[in-house]
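The figures that follow rest on heavy atoms only: side chains count, while hydrogens, waters and symmetry mates do not. We count residues from 1, following the sequence as given.
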Amino acid sequence: MATELRTRPVVPPVVRRARVRRRRRLVVAVALLVVAPGGAAVSTYAGDVDRGVHVLGADLGGLSRADAEAKLRAKDTRGPVDVRVGTERTTIDPAAVGLRLDVEATVDRAVRVTPGPFEWLHGGREVEPVVHVDAERLFDALMVHLGPQGDAPVLPAVRFDKLRPVPVHPVSGRGLDRRAVAGIAERGWLRGGPIGFPVVDLVPRTSREEVDRLVAELATPAVAAPLVLVTPRGEVTVPATAIAAALRMESDADGRIEPTIDAAALRRAAPAVFAKVEIPATDAAFRIVDGRPVVQPQTDGQQVDLAPGPILAALRGTATPRRVEVGFVPATAKTTTAELAKLGVAERVSTFTTKFAPGQPRVVNIRIMAEELRGALVRPGETFSLNEHVGERSRAKGYVDAPGIENGKIKNSPGGGVSQVATTLFNAAYYAGLEDVEHRPHSYYFDRYPAVIEATVVYPSLDLRFRNDGGTGILVDTATTDSSITVTLYGTRRFDEITTQYGPRTKVVQPKTEYLQEEDCNPTDGEPGFQQEAFRVFKKDGKEVRRQRFFWRYDPEPHFVCGPPPPTLSPAGEPMPVG
């Protein structure tokens, strides 16, 4: 005869917990039948939140999750918070310090609470709210009101004057406990009354004796001799001056010193040393191939592993030469192939060319700036500054003296003529539809540039800036010949066409002749002054979608003549005496 096997059904844990909870609630209900006045039973679990659960004085018992959240949100007033910083009364803006009631998390906490029978009979259970605050922003906001109650401590450190260790001994102060203010705010907010932040003694964690011990046991031996790093590619010797530049013994906010090695500072202090064994990483970059941008992949390199532990141990030693075996770690490129691939730099968006006379000194300056500009990348949302990208135009960089406008005259200065680059770049950005942030046309009109739609730059006071207000990156490419410069922008087209519609030239003023008896004098033919407006017209899907007005007033450029004025003739045609 077959034996029948009987097995107990498997009950998932979540179901078992629910059953236990229902049994506990049933016990409470039965107890209430006994002790409640009149013998009436009261349900403890109608809704998501059990009866008897309170938060910030609000009774959430029997409410659904949504109703409980709505009731709590009424508690989160977001108004100014009364605080007391020591004896100083003031207010802080909760939004400014990130102080907020996490309603969802608080209700989650309330739903998980089941008051016991005796808790319920004595008013229920109070659940602590979940409150968040930005500790650093709160601390900074409170410190503004500390005033004379505070006396900043002197935080300990060991620094170097060349190769001489200089100890900075700690001094206690009075102020706010940086680590305590967040908890005080989270517990005290929404309770009624001001939140009190006490002024306490601030005692740095590292003592005077510990500072002196660091000087004797680490700082002094560290710079007593070079450090030999033994790598798989050979040995390199780090001089004591580089060690002093990289050994960091500064305290944290609590006044605790944890010595470490600043790897970047060590490499900056001894670049030739590390170049012997390290393989530098190469950033991914764009190249123009057959008129289209392609990404040249990054190459990762290798650099010496400058983990502070083994190096600090070697620096404490007295044996010479100090040697420590180190390996290599990957040197990752700052700009990756994947990063550039996501920027959407896929096609030519705009291009613009301006002409110039060959052989002039200004051509040297145009080529130098064009080279520095080539390859500039403007990511979405970024504002490009020509002055910031190129920097000062100086003789040290190869710029030469060439004519430029200075106080209304044509004077020679390093970098003269680079406004040709600025104008070409401005037009390329203009016809790409990029947002104009800052530009200024010349005070005189030059016929090699389009009227109104041109720009001049002076370092550092006058800049050309535009913002990439599109969703893809913009790559700047430049090319020069003996008589022209071209700026091409690559990205993703947003408009079918951008054109310029000019208004008439008005208020024309003819130039005057001026004689200049100056050593640095550049003669000119003179140009009339005028005013004119131009409209940038944006078209998409064959329709005009926007237009933008530009306007400029040009001064008449005088006819400058280098030399004295001709003598004035009498009616008889004879020179008149001067004076």
Side-chain angles (χ1 to χ4, degrees), residues 280-300 332-354 365-391 393 397 418-439 450 453-455 457 463-481 484-500 536 538-540:
T282 303
D283 288 344
F286 284 105
R287 292 187 299 118
I288 306 302
V289 179
D290 297 330
R292 296 186 65 84
V294 296
V295 177
Q296 178 176 317
Q298 93 231 33
T299 58
D300 291 336
T332 306
K334 295 179 181 178
T335 304
T336 66
T337 306
E339 177 187 353
L340 294 189
K342 293 178 181 178
L343 289 178
V345 179
E347 60 185 336
R348 189 176 74 178
V349 176
S350 67
T351 188
F352 200 82
T353 300
T354 59
N365 300 330
I366 291 170
R367 284 179 170 167
I368 292 175
M369 180 176 275
E371 288 288 337
E372 293 179 330
L373 184 60
R374 184 180 301 126
L377 184 62
V378 190
R379 289 172 169 80
E382 287 185 347
T383 296
F384 177 84
S385 163
L386 184 58
N387 275 345
E388 288 181 7
H389 185 84
V390 175
R393 278 69 82 180
K397 294 181 178 180
V418 296
S419 290
Q420 181 111 24
V421 182
T423 289
T424 314
L425 174 62
F426 174 71
N427 273 267
Y430 174 97
Y431 286 107
L434 301 175
E435 179 185 336
D436 175 34
V437 175
E438 177 187 354
H439 89 281
I453 312 302
E454 48 105 351
V457 287
D463 200 1
L464 166 63
R465 296 190 299 147
F466 59 85
R467 191 175 80 90
N468 179 5
D469 54 339
T472 59
I474 292 292
L475 173 67
V476 182
D477 188 41
T478 63
T480 58
T481 69
S484 70
I485 174 173
T486 299
V487 175
T488 304
L489 301 186
Y490 294 89
T492 299
R493 280 181 168 273
R494 294 185 290 155
F495 303 98
D496 296 341
E497 184 183 21
I498 293 178
T499 59
T500 300
R536 177 162 61 161
F538 300 77
K539 293 182 179 180
K540 193 169 185 177

Using 0.5 Å steps for rounding, measure from the [atom1] atom of [X] to the [atom2] atom of [Y].
{"X": "Leu377", "Y": "Leu340", "atom1": "CG", "atom2": "CG", "answer": "6.5 Å"}
{"X": "Tyr430", "Y": "Glu454", "atom1": "OH", "atom2": "CD", "answer": "12.5 Å"}
{"X": "Gln298", "Y": "Thr282", "atom1": "CD", "atom2": "OG1", "answer": "9.5 Å"}
{"X": "Thr488", "Y": "Arg374", "atom1": "OG1", "atom2": "CZ", "answer": "10.5 Å"}
{"X": "Asp477", "Y": "Ile288", "atom1": "CG", "atom2": "CD1", "answer": "5.0 Å"}
{"X": "Ile474", "Y": "Leu489", "atom1": "CD1", "atom2": "CG", "answer": "6.0 Å"}

**Message:** Let's go through Phe538 and Ile498 carefully: what are the C-alpha distance in whole Å and the side-chain angles of both, what is the deciding distance for side-chain contact (heavy atoms from CB on, under 4.5 Å) to 0.1 Å, and is it a yes or a no?
**Reply:** CA-CA 5 Å; Phe538 300 77; Ile498 293 178; 3.8 Å; yes
Under the rule for side-chain hydrogen bond (donor to acceptor under 3.5 Å, both in side chains), what residues qualify as partners of [X], not counting sequence neighbours?
{"X": "Thr423", "answer": "none"}
{"X": "Tyr490", "answer": "none"}
{"X": "Thr336", "answer": "none"}

Minimum-distance pair of heavy atoms, taken over all atoms of [X] and [Y]:
{"X": "Thr478", "Y": "Ala370", "value": "OG1-O, 2.8 Å"}
{"X": "Asp436", "Y": "Phe426", "value": "OD1-CE1, 3.9 Å"}
{"X": "Thr354", "Y": "Gln420", "value": "OG1-NE2, 2.8 Å"}
{"X": "Ala455", "Y": "Ala422", "value": "O-CB, 3.8 Å"}
{"X": "Gly375", "Y": "Leu475", "value": "O-CD1, 3.9 Å"}
{"X": "Glu339", "Y": "Lys334", "value": "OE1-O, 3.9 Å"}

**Prompt:** Just wondering, more than 12 heavy atoms not from Arg292 lying within 6.0 Å of its CZ?
**Reply:**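 Counting neighbours around CZ of Arg292, 12 or fewer heavy atoms of other residues, nucleotides or ligands fall under 6.0 Å, so no.
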**Request:** Evaluate whether atom NZ of Lys397 has more than 12 neighbouring non-hydrogen atoms of other residues, nucleotides or ligands under 6.0 angstrom away.
**Result:** yes
Using side-chain heavy atoms (C-beta onward) and a distance below 4.5 Å, is [X] in contact with [Y]?
{"X": "Thr486", "Y": "Thr480", "result": "no"}
{"X": "Thr472", "Y": "Leu343", "result": "no"}
{"X": "Pro450", "Y": "Phe352", "result": "yes"}

According to salt bridge (Lys or Arg N to Asp or Glu O under 4.0 Å), who are the partners of [X], at least two apart in sequence or on a separate chain?
{"X": "Arg287", "value": "none"}
{"X": "Arg367", "value": "Asp482"}
{"X": "Glu382", "value": "none"}
{"X": "Asp469", "value": "Arg494"}

**Asked** Pick one: which of Val349, Thr351, Thr500 meets side chain to side chain contact (heavy atoms under 4.5 Å, CB included) with Tyr431?
**Response**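 Of Val349, Thr351, Thr500, side chain to side chain contact (heavy atoms under 4.5 Å, CB included) with Tyr431 is met by Thr500 alone.
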Between [X] and [Y], is there a donor-acceptor pair closer than 3.5 Å when you use the side chain of the first and the backbone of the second?
{"X": "Asp463", "Y": "Glu438", "result": "no"}
{"X": "Asn468", "Y": "Gly470", "result": "yes"}
{"X": "Ser350", "Y": "Ala428", "result": "yes"}

**Message:** Using the rule given for side-chain contact (heavy atoms from CB on, under 4.5 Å), can you reason through Glu347 versus Thr492, listing the C-alpha separation, both sets of side-chain angles and the distance that settles it, and then say yes or no?
**Reply:** CA-CA 6 Å; Glu347 60 185 336; Thr492 299; 4.0 Å; yes
**Message:** Checking Phe466 now: which residues fulfil ring pair (Phe, Tyr, Trp, His ring centres under 6.0 Å) with it, not counting sequence neighbours?
**Reply:**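 Listed in chain order: Phe384.
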Which residues satisfy the side-chain contact (heavy atoms from CB on, under 4.5 Å) test with [X], sequence neighbours excluded?
{"X": "Glu388", "result": "Ser385"}
{"X": "Val418", "result": "Asn365, Met369, Arg393, Tyr399, Val457"}
{"X": "Ala285", "result": "none"}
{"X": "Ser484", "result": "Thr353, Lys355, Thr481"}

**Request:** Evaluate the side-chain contact (heavy atoms from CB on, under 4.5 Å) criterion for residues Leu425 and Leu464: first the C-alpha distance (whole Å), next the side-chain angles of each, then the deciding distance (0.1 Å), finally the verdict.
**Result:** CA-CA 9 Å; Leu425 174 62; Leu464 166 63; 3.8 Å; yes
